Amino acid sequence: VNVPTDRLDYSNEVRHRFEHAPRHGRLFAKPEELLSGSAGETQQGVRVEFEARIRQGRIVECRFRAYGCPHVIAAASWVAEQAEGRRVGDTDWLKPRDLAALLEAPAHKLGSLLVVEDALRACLGATGAPR
Amino acid sequence: MTDNPRPLYFDYAATTPVDERVLACMVECLGRDGCFANPASSSHALGREARARVEAARREVAEVLGAGPTEIIWTSGATESNNLAIKGAARFHADRGRHIVTSRTEHKAVLDTCRQLEKEGWQVSYVRPGPGGVVSVAEIEPALRPDTVLVSVMLVNNEIGTINEAGPIGALCHERGVLFHVDAAQGIGKLPVNVDEIGADLLSVSGHKAYGPKGIGALYLRGSPKNRLEPLIHGGGHEWGMRSGTLATHQIVGIGAAFRLAAAEQAAESARLGALRERLWEGIRGLGGVHLNGDPVRRVAGVLNVSFEGVEGESLLFALRELAISSGSACTSASHEASYVLRALGRDDQLAQSSLRFSLGRYSTAREVDEAIGLVREQVSRLRALGPVGAGGLQHGREAM
């Protein structure tokens with residue numbers, strides 16, 4: 001019987017995104033098409049950065065970089081993926097409690113997931129954002 | 001990466017498997033044809049036979065510690081030994097004073113016991129360790145007061161493997177007429193442990209840290225049974241009335257055999273593990289941004305505690321789940337509070353939280369070490385690449401603290 005022996009229990013969604021980190025990286029875009037923003041501090045255990053390429057008010061591409069637990073990395077990956085194709089001003093779809101449920105994150109991780117939300121809002125609400 | 005159902009074991013400081021030779025001795029005391037009788041049943045031969053095995057083991061443990069057999073009290077493990085030593089001594093000598101000195105880097109079995117005594121009216125001074133995490137006379141002496149009754153300092157720190165200067169502290173305590181307790185759970189089999197050289201009045205040991213079974217330990221009490229402690233467990237008057245309860249013959253035989261083997265093989269094993277630890281350190285440090293925690297010289301052979309810049313502790317531990325290692329990260333708690341030992345040494349939150357303790361032991365091999373090096377290099381590099389630019393601010397090179 002193949003019994004998992006790691007004491008850290010993560011959902012398959014978290015495991016997949018932690019291992020493969022889809023949408024991780026940086027964007028190289030014209031300055032007028034690029035938005036970026038971040039939230040959190042490494043000293044506090046969580047820091048997330050997003051970059052988004054914007055055309056005609058829509059997010060064409062989104063990338064993340066993250067310092068944090070596997071839930072944070074998975075959440076940033078999922079958010080970057082879901083952001084693509086949406087209008088810049090539309091962030092109502094991002095609800096940390098729903099994200100926690102999707103990732104099967106324990107209650108004490110909600111604070112870390114709020115940092116992911118803050119980072120995306122900081123990115124999309126950046127001063128001089130192209131619309 | 002797949003979840004390995006059997007990770008490579010690098011957590012010998014947490015516990016060890018029972019040595020086959022120890023197991024063979026223990027099995028002799030379990031079955032109906034074996035030495036299973038109650039050692040307190042002096043009315044029949046089977047009971048007296050069990051008692052003989054218990055006393056033989058007591059002599060084995062005493063010999064390893066340089067003590068007399070009557071100075072060894074059986075307990076359930078080092079946690080109970082620490083409780084009995086600290087609470088028992090403090091309560092028994094309460095008329096002499098109500099002040100205790102210990103260090104901030106002690107095991108929770110000592111710290112929580114002291115916290116309990118604080119609730120009962122004792123005062124406790126928790127001293128910071130010196131450079132490299134070593135606790136010495138320089139830290140203890142200023143904390144002593146006329147009403148100090150007990151000093152408690154561990155022999156080897158369980159997280160960083162640093163060896164404290166127990167001998168000089170013991171001499172200081174005797175000079176001042178203060179009892180000296182040493183938690184030596186991490187010392188057996190790793191360095192010679194002699195109660196007279198240490199100057200210990202009380203010394204705690206555990207079976208399972210030295211390839212013996214869990215659930216058995218001992219407390220050395222200088223001058224026992226003449227010198228006494230206030231017991232924690234009553235009922236039957238076993239162990240000269242200081243620790244009641246039916247003696248677990250198989251466990252006691254196990255700790256006796258384990259200590260005898262550990263002491264006999266200690267010198268050769270320390271040399272072998274020291275070489276493996278250096279191989280591991282040299283393999284990992286090449287990553288850059290890796291910090292050695294603890295004193296680089298004054299430490300036991302099998303422990304390597306390191307912190308990584310630019311990686312988060314919980315992710316690091318999960319990424320390295322093919323290795324059975326300990327982390328300074330408080331992964332499963334609501335707070336990000338990291339190792340209190342590393343924080344007491346002055347490590348910042350990020351480095352304390354991203355620390356790993358590799359502890360090698362009797363069954364560690366060079367092949368396992370090489371596999372661990374490869375995995376650590378791969379996963380630390382991957383996690384650093386995932387992180388924000390400049391996270392952790394890499395400062396390459398070795399640094400001891």
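Computed from a predicted structure; not experimentally measured. Numbers restart at 1 for each chain; the letters A, B, ... are given by sequence-line order, proteins then strands.
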field: Separation of B:L386 CG from A:S77 OG (nearest 0.5 Å)
entry: 9.5 Å
Inter-residue atom distance B:Q353.CD - A:Q44.CD, 0.5 Å rounding: 11.0 Å
- request: Rounded to the nearest 0.5 Å, what's the gap from NE2 on A:H71 to CZ on B:F318? Could you check?
  value: 9.0 Å
Separation of A:T42 OG1 from B:E312 CD (nearest 0.5 Å): 10.5 Å
query: Does any N or O in the side chain of A:Y67 come within less than 3.5 Å of the main-chain N or O of B:P388, such that one atom is a donor and the other an acceptor?
result: no
Main-chain N/O of B:A385 paired to A:H24 side chain as donor or acceptor, under 3.5 Å: yes
task: Could you check if a side-chain atom of A:Q43 sits within less than 4.5 angstrom of a side-chain atom of B:D348, using non-hydrogen atoms only?
output: yes
- prompt: If you count the non-hydrogen atoms of other residues, nucleotides and ligands that lie under 6.0 Å from CZ in B:R377, is the total more than 12?
  reply: yes
message: Within the structure provided, determine whether A:K109 and B:E314 are in side-chain contact (heavy-atom separation under 4.5 Å).
response: yes
- prompt: Would you say B:L383 and A:F18 make side-chain contact, with heavy atoms under 4.5 Å?
  reply: yes
query: What do you reckon, is CD of B:E371 surrounded by more than 12 foreign heavy atoms closer than 6.0 Å?
result: yes
